[in-house]
Structure formats: C-alpha cells, structure tokens
Amino acid sequence: MKITGTNHYIRVLFDDNHEIVITGELVIGGFYADKNSIKLWEQPYSNEIINEDKKQQIIRNIENYTKNTEMKIIFE
C-alpha cells in the first residue's frame, strides 16, 4: 500500500493496483478522511462497485496500515 496526498485528499494505491482518492482535511498529526467519498476506484477499475462491505474493508486496511505511523488517518 502507498498513500500520498494533499491538504484536501489522499490517494491510496493498494498492492493489487486498485487506487482510490478519498477527500478530507489534513490536520496536525493526521488526516480526517470523509468515508462518504469512498465511492469509485480510479481507472481502469472505475466500473467495479464499492459496496458498504468493501468500503469498511478499505477503511480497516488503511487504519491498520497507518496505526503505527505518525500520520494517522481518521475516518468520519
């Protein structure tokens, strides 16, 4: 997994090459991510549906990946 971003979004690249952009806001020590912005994968997987179970899995994977880092990602 690779996470990059700006003050207003993060871009998450998973090991299977699926990529998603999640909006939010950068704050000191972390990023508040809008879980409602998890809707579509980036191309070429944009036709794959992200249902509620998949969304929760994405959130868990990101939280687990960042739990021991200085940059926490908090989903709201």
Side-chain angles (χ1 to χ4, degrees):
M1 181 181 297
K2 180 179 178 183
I3 301 174
T4 58
T6 70
N7 292 339
H8 303 289
Y9 71 85
I10 56 172
R11 182 177 295 273
V12 183
L13 177 63
F14 293 90
D15 295 335
D16 65 357
N17 288 326
H18 279 70
E19 187 173 32
I20 193 164
V21 173
I22 303 171
T23 60
E25 185 174 349
L26 182 66
V27 296
I28 295 173
F31 184 86
Y32 282 93
D34 178 9
K35 65 182 174 185
N36 293 324
S37 69
I38 301 174
K39 295 179 181 177
L40 297 172
W41 297 109
E42 295 294 295
Q43 290 288 345
Y45 303 105
S46 60
N47 61 341
E48 292 181 19
I49 296 172
I50 299 177
N51 61 24
E52 191 60 34
D53 289 337
K54 185 65 176 176
K55 182 189 293 190
Q56 292 305 317
Q57 180 184 4
I58 290 168
I59 291 170
R60 280 192 306 274
N61 289 344
I62 293 170
E63 288 176 335
N64 286 336
Y65 181 79
T66 61
K67 70 180 174 186
N68 295 320
T69 67
E70 292 181 25
M71 179 58 72
K72 302 294 182 213
I73 298 177
I74 302 102
F75 288 88
E76 299 184 319

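Nothing fancy with the numbering, it's 1 onward along the sequence.
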request  = Determine, using the 4.5 Å side-chain heavy-atom cutoff (strictly less than), whether I50 and I10 are members of one ILVMFWY cluster.
outcome  = yes

inquiry  = Test of understanding: clusters of I, L, V, M, F, W, Y form through side-chain heavy atoms closer than 4.5 Å, transitively. Do M71 and F14 belong to the same one?
reply    = yes

Within the structure provided, determine whether [X] and [Y] are in side-chain contact (heavy-atom separation under 4.5 Å).
X	Y	result
I38	F75	yes
V12	M1	yes
I3	I73	yes
W41	I58	yes

request  = Each residue besides Y32 in its hydrophobic cluster should be listed here, by chain and number; the cluster joins Ile, Leu, Val, Met, Phe, Trp and Tyr at side-chain heavy-atom distances under 4.5 Å.
outcome  = V27, I74

task = Go through the structure and list residues passing side-chain hydrogen bond (donor to acceptor under 3.5 Å, both in side chains) with T6, not counting sequence neighbours.
result = none

task = Could I get the full list of side-chain hydrogen bond (donor to acceptor under 3.5 Å, both in side chains) partners for Q56, not counting sequence neighbours?
result = E52

key: Point-to-point distance, once rounded to the nearest 0.5 Å, from CZ of R60 to CD of E63   = 9.0 Å

Nearest-0.5 Å distance that lies between atom CG in D15 and atom CG in L13 = 8.0 Å

key: Contact list for residues 1-10, test salt bridge (Lys or Arg N to Asp or Glu O under 4.0 Å), sequence neighbours left out   = none

note = salt bridge (Lys or Arg N to Asp or Glu O under 4.0 Å) pairs touching residues 28-47, sequence neighbours excluded, are R11-E42

Please list, one pair per line, the donor and acceptor atoms closer than 3.5 Å that link side chains of residues 18-25 to other protein atoms, with sequence neighbours excluded.
unit_1 : atom_1 : unit_2 : atom_2 : d
H18    : ND1    : D16    : OD1    : 3.2
H18    : ND1    : D16    : OD2    : 3.2
H18    : NE2    : E48    : OE1    : 2.8
H18    : NE2    : E48    : OE2    : 3.4
T23    : OG1    : S37    : OG     : 3.4

